[in-house]
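All remarks here apply to the structure that follows.
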Amino acid sequence: MLEIENIIFPANLGEALATVRGIPGSVVLGGCGYLRLGSRKIRTAIDLARLGLDKIVETADTVEIGAMVTLRDVETDALTVGLAGGVLAKSVENIVGVQLRKCVTLGGSVAGRYPFSDPITALMAVDAELLFHGRGVISLQDYLEGKWGRDILVKIIVPKRQWIAAFTSVRKSVTDYAVLNCAVSKSGQDYRVVVGSRPSRALRVTTAENFLRENGLTKKSAVRAGELAAESLQFGDNPRGSGEYRKKICPVLVKRALLEVLDAA
Amino acid sequence: MQLETTINGNKIVLDFAGGEFLAETLRRYGYLSVKEGCDTGSCGLCTVWLDGAPVLSCTTLTARMEDHEITTIEALNVEAEEFAQFLVAEGAEQCGFCAPGFTMTVLAMRRELKHPTVESINHYLAGNLCRCSGYKGQMRAIVKYMGVE
Amino acid sequence: MKYIGKRIPKIDGVGLVKGVPAYTSDLAINNNALIVKILRSPHASARIIHIDTTDAMAVPGVECVLTYKDVPETAFTLAGQSFPEPSPYDRRILDPVLRYVGDEVAIVAASNERVALRALAKIKVEYEVFTPVLDVESALDNELKVHATQPHTNFDVGCDASRNVAAAHSLEFGDVEAELSRCEVVIEQTYRTQAQAHAMMETYRASTSIDVHGRLQVMTSTQIPYHVRRHLSVILGLPKSKIKILKPRVGGSFGGKQTASVEIFPAIVTMKTGKAAHLVYTRQETFCCTTSRHAMVLTVRLGADKQGNIKVVDIHTLSDTGAYGEHAPTVFWVVGQKTLPLYSAICRYHGHAVYTNKAPGGALRGYGATQGTFALESAVNELAEKLGMDPAELRLKNLIKENDAHEALCGSLPGRPAVLASSSLDRCIKKGMELINWKNSFPAKDIGANKRRGYGMAVTMQGSGIAQIDTGSVTIKLNEDGFFTVSHAASDMGQGSDTMICQIAAEVLEVEMDQIIVASFDLDTLPYDPGAYASSGTYVAGKAAVIAAEQMVAQMRGAAARILDVSAEAVAYDSGLLSASADKKMSISELATTLCSFAGMDQLISKGTYGGETSPPPFIAGFAEVEVDLETGESKVIDYVAVVDCGTVINENLARIQVEGGIVMGIGLGLFEEVRYSGKGRLTTNSFMEYKIPSRLDIGEIRVAFEESHEPTGPYGAKSIGEVVCNTPAPAITEAIYNATGMRCRNLPVTAEKILMGIE
Ligand SMILES: Cc1cc2nc3c(=O)[nH]c(=O)nc-3n(C[C@H](O)[C@H](O)[C@H](O)COP(=O)(O)OP(=O)(O)OC[C@H]3O[C@@H](n4cnc5c(N)ncnc54)[C@H](O)[C@@H]3O)c2cc1C
Ligand code: FES
Ligand code: FES
């Protein structure tokens with residue numbers, strides 16, 4: 001059971017940041033999907049719900065998704081559905097159900113650096129960057145590598161390029177966490193191949209990306225890229241699957257995602 | 001803590017503990033249609049509408065409800081009765097414990113899905129678990145209720 | 001017939017859908033009830049050396065903190081079974097010895113949940129920690145013991161705590177070894193079934209108080225109200241007359257609430273404090289600290305001749321009953337009871353149910369038949385392959401038929417095998433073959449894109465009530481206005497027994513169903529019934545309802561005769577009208593008004609009591625079409641055909657949903673549901689995140705057909721349906737996957753990983 005002694009609704013980001021930094025043990029609330037789990041005592045909770053971070057906006061060269069945008073909005077908003085073939089929308093569609101997705105946020109999903117995360121894998125494939133208040137912009141990849149503390153995530157920024165992307169995963173049951181997930185993208189001759197829930201965090205597979213850049217995307221190169229991914233990455237065991245199994249399905253997921261991209265191209 | 005919100009069209013001042021979630025608050029205030037089936041946001045039994053959209057009341061912090069509109073099935077008597085007739089005609093409510101939350105999702109879906117198909121209905125309702133019915137009877141009821149071809 | 005065989009909506013259905021308060025927590029709105037929470041053992045095997053509750057007691061709002069020092073030492077079983085229960089009396093309310101992670105250490109009652117949780121955290125316990133017994137296969141005769149002393153058993157069930165044995169059993173008809181040695185074709189294989197969680201949507205809960213008469217009032221989400229009362233009476237040392245049980249609507253159960261897992265805790269708090277108490281288990285407690293389906297290791301030996309005549313069946317079972325033996329002997333017996341009668345007169349069933357330091361096993365829909373069916377039917381499929389025969393034909397050739405006798409059928413006496421009075425299983429198989437297009441589909445087909453579809457089948461039987469033991473009653477009262485109150489304690493938990501009994505009564509009484517009120521809430525007013533288990537509702541309570549209603553008609557004719565001044569034989573009864581001649585007639589309502597008044601002075605109440613001499617088995621033939629992704633191992637049941645013999649279908653709606661719900665539960669068991677433990681014995685599948693039950697996206701088509709037989713002893717020819725439904729999917733699916741991939745999985749669940757790793 002969650003216990004919160006004090007909830008603060010800061011009037012602006014500056015105040016929010018000052019609170020996070022000023023009060024030890026203070027916690028930023030996202031959609032609370034995870035914060036509520038188990039028993040936990042929070043002295044000071046900081047609620048960003050009134051700061052207008054629940055918007056998805058388009059700029060000349062980016063799509064910006066506010067930290068408090070729910071996964072359901074990511075799934076249904078025209079801007080995210082239209083982004084990179086809807087890869088982000090597709091990555092969240094099996095997360096439990098519409099009601100949970102209407103509660104939990106993209107900001108919470110990203111800030112938590114969850115290794116199994118589906119949207120993180122998709123965001124990695126479209127070079128997402130994160131804006132933290134006070135600190136500025138950092139690439140999602142750097143953030144996942146543990147650079148920077150959490151502070152306050154304001155938005156997730158996806159550069160607009162001619163992305164064609166796809167997301168694949170294997171799950172023991174449809175609404176379970178992924179045993180392994182994969183997102184790939186192509187923009188011109190540039191490729192991204194990302195594999196997550198290994199079960200450790202999502203990683204780009206540069207060997208496969210380089211191979212695709214050099215050889216172009218064909219049915220054959222898709223297979224090879226998948227093999228390269230399986231060879232380059234480390235896989236581990238968790239209750240959802242063994243490392244050995246993950247290694248076996250990794251090439252399949254990468255290949256299938258790439259073939260989807262090939263089909264769409 | 002205290003705040004003012006709207007439940008089923010009525011303004012109300014709620015008293016609650018800091019870490020309290022809406023499901024607990026609603027039940028304490030007598031909205032007993034709201035059921036809870038898990039501690040993890042996994043089952044959908046606690047579904048209510050927040051500003052018209054279905055959410056999990058077990059995952060919605062009560063402290064955030066200032067100036068929002070909450071709807072429970074108690075406020076949707078006529079619509080709920082109509083759908084209930086379709087459901088019971090298939091025998092698809094068994095123990096019934098999942099039924100109010102499920103019905104809240106169905107009624108929201110009816111508003112939201114413009115061209116419902118069996119597939120899009122299944123997808124929309126995926127977060128509503130039911131251990132009794134096996135889901136098929138629920139679908140038979142919905143297909144008739146929504147007039148899906 | 002007006003109501004029998006019709007698609008009648010459940011009488012409580014619309015109200016439940018609309019969220020009308022009806023369940024335990026809805027009705028227990030005594031706002032002053034103490035909230036009860038339980039401190040649980042973090043160790044799988046340990047002893048409390050020292051426990052200090054001083055700090056917990058000091059938390060403001062805490063009413064009481066109870067440890068083993070404060071509660072009666074009586075040993076008991078929580079299994080809901082007719083007395084004398086076969087289950088060993090191996091547990092206490094609180095015990096200084098802790099036998100699994102989650103075992104109860106202390107009980108806290110406080111003004112609200114937050115306070116109770118704070119107090120729990122302040123109880124100081126020092127444990128002596130022991131090495132636990134976790135592996136079922138090495139539990140037998142292990143030097144580590146789960147129970148240091150021998151528990152009491154009401155009769156010999158083979159319980160031997162010094163060997164970690166909760167129950168043992170051996171039953172042989174004919175000479176199995178001799179027959180096996182003569183057989184031309186023999187199959188010998190070992191199969192493993194996992195623990196499965198009930199995952200009913202309403203977790204366990206009970207609410208207690210002292211009523212105005214000084215009685216302990218217990219409102220509980222249970223399927224065994226009478227057994228709960230008996231247990232509480234023994235455990236608390238209260239006469240049964242001092243306990244009032246209320247059973248409101250129950251949010252699902254599936255056998256889980258056939259064990260009285262929670263009632264004792266608020267009850268002891270109320271007894272100690274005199275105050276109302278309420279306990280609601282979290283989902284985590286529901287997973288970790290109640291029961292689940294017994295995991296089993298089953299070795300099957302089948303012998304046949306080359307023509308495919310099955311000559312002998314031998315099943316050896318090792319059942320994991322966990323820390324306590326609730327339902328350990330009976331579930332263990334049922335494995336054999338519901339499999340041996342199927343194929344061969346020469347057969348044996350033997351083995352042990354062993355204790356381990358894990359959460360207890362218990363009753364779960366299928367009650368051993370599910371495990372036994374998986375093993376036996378998988379072996380029969382393997383035999384068919386070895387013989388080069390179609391598995392459906394092999395079954396048609398060998399299965400027990402209507403009017404056959406078999407010594408293993410329930411109700412058999414030594415030298416007097418019971419007769420199978422009704423079966424349409426052969427028709428079920430043929431119909432299923434037709435529906436799934438078996439002849440053209442079996443065993444498998446390629447469908448491109450690295451996918452293959454395989455086909456598999458299995459059959460199963462269950463029972464209807466426990467022969468010569470469980471006996472239930474129904475009473476009917478004619479109310480002053482001419483409507484009836486039908487009372488029973490068959491314990492509707494969603495399956496619709498209230499509706500079924502109302503239908504049957506309406507049929508016999510020839511009135512509209514809304515002329516009948518079903519009372520099933522307050523045990524004080526209800527006749528005895530053991531409860532909703534062993535698939536007894538329709539067969540036992542339904543039959544009792546027929547008897548009671550027929551008696552009511554006779555009573556009404558008698559009473560009308562008296563008032564009309566004619567002989568009882570002269571009074572005809574037709575749809576609410578009692579008539580002797582054109583001018584000598586009266587409606588039920590006129591009759592009732594008169595009888596309840598000074599003029600008539602004769603309140604009519606009728607009764608019916610029934611218990612079966614046999615336990616007529618319902619049957620199912622199940623057929624699975626499973627698509628397997630050969631690159632990832634993922635599989636999906638595209639189509640499941642179940643053809644059912646439940647005798648007469650009393651209510652097609654309710655029967656169909658029972659089948660569909662049971663099949664989905666069976667698909668979960670087959671493909672991914674699994675209770676798992678950490679290396680230290682902690683149950684790790686403790687939420688719906690970690691223990692996934694099928695969602696609507698996990699299942700394909702399910703097609704259900706009924707092939708009615710007529711059970712002469714059943715109400716209107718009916719048998720049961722509630723449990724038999726979840727037995728066929730696992731063996732049919734694993735067989736379909738084998739046919740698609742060549743990978744035979746004898747170890748449930750058959751996950752994508754097992755398939756892919758096994759394909760080469
Ligand atoms: C039942 C269930 C099943 C799930 N299944 C999946 C799945 O299959 N795939 C998947 O990818 N995900 C899954 N998730 C995770 C879900 O998608 C979210 O990622 C998760 O709930 C966290 O998001 P939230 O908004 O709830 O964050 P919260 O729980 O509120 O917060 C999570 C963390 O992020 C911090 N935080 C939140 N917002 C900010 C911010 N703006 N700045 C800084 N820090 C912040 C919080 O302090 C906290 O530490 C599941 C969750 C649940 C409850
Ligand atoms: S109670 Fe299970 S999702 Fe809310
Ligand atoms: S009807 Fe019982 S859980 Fe759905």
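Numbered from 1 within each chain, the chains take letters A, B, ... in sequence-line order. Note that the structure is predicted; figures quoted are calculated from it, not measured.
- Residue contact with chain A, scored on non-hydrogen atoms closer than 4.5 Å, is absent for B:Met109.
- Counting heavy atoms from C-beta on, the side chains of A:Gln99 and B:Ser57 never come closer than 4.5 Å.
- Residues B:Thr40 and A:Leu37 are in side-chain contact: their nearest non-hydrogen atoms beyond the backbone lie under 4.5 Å apart.
- Among residues 114-137 of chain B, the residues having any heavy atom closer than 4.5 Å to a heavy atom of chain A are, in sequence order, B:His123, B:Tyr124, B:Ala126, B:Gly127, B:Asn128.
- Residues of residues 101-108 of chain B placed with any heavy atom under 4.5 Å of a heavy atom in chain A are listed by number as B:Thr105.
- Residues in residues 45-54 of chain A take part in these side chain to side chain donor-acceptor pair (under 3.5 Å) pairs, two or more places apart or across chains: A:Asp47-B:Arg64.
- Remark: A:Arg43 CZ is loosely packed, at most 12 non-hydrogen atoms of other residues, nucleotides or ligands lying under 6.0 Å away.
- Proximity to chain A at a heavy-atom threshold of 4.5 Å picks out B:Gly18, B:Gly19, B:Phe21, B:Glu24 from residues 12-31 of chain B, in numerical order.
- Counting heavy atoms of neighbouring residues, nucleotides and ligands inside a 6.0 Å radius, atom CD of B:Glu69 does not exceed 12 of them.
- With a 4.5 Å cut-off on side-chain heavy atoms, B:Leu61 and A:Leu35 do not count as touching.
- Neither the backbone nor the side chain of B:Cys43 comes within contact range of chain A; no heavy atom of the residue lies under 4.5 Å from a heavy atom of that chain.
- Between chain B and the residues A:Glu93, A:Met1, A:Lys41, the most heavy-atom pairs under 4.5 angstrom are made by A:Glu93.
- At a 4.5 Å heavy-atom cutoff, A:Ile42 makes no contact with chain B through either its backbone or its side chain.
- Comparing A:Leu29, A:Ile95, A:Asn6, A:Thr76 by how many heavy-atom pairs each has under 4.5 Å with chain B, the most go to A:Leu29.
- Only the side chain of A:Phe9 comes within contact range of chain B, with heavy atoms under 4.5 Å apart.
- If you take NZ on A:Lys102 and OG1 on B:Thr59, they are separated by 14.5 Å, rounding to the nearest 0.5 Å.
- Ranked by heavy-atom pairs under 4.5 Å with chain A, the list B:Gly41, B:Gly44, B:Ala53 is led by B:Gly41.
- When each of A:Val104, A:Val174, A:Val96, A:Thr70 is scored by its heavy-atom pairs under 4.5 Å with chain B, the top score falls to A:Val96.
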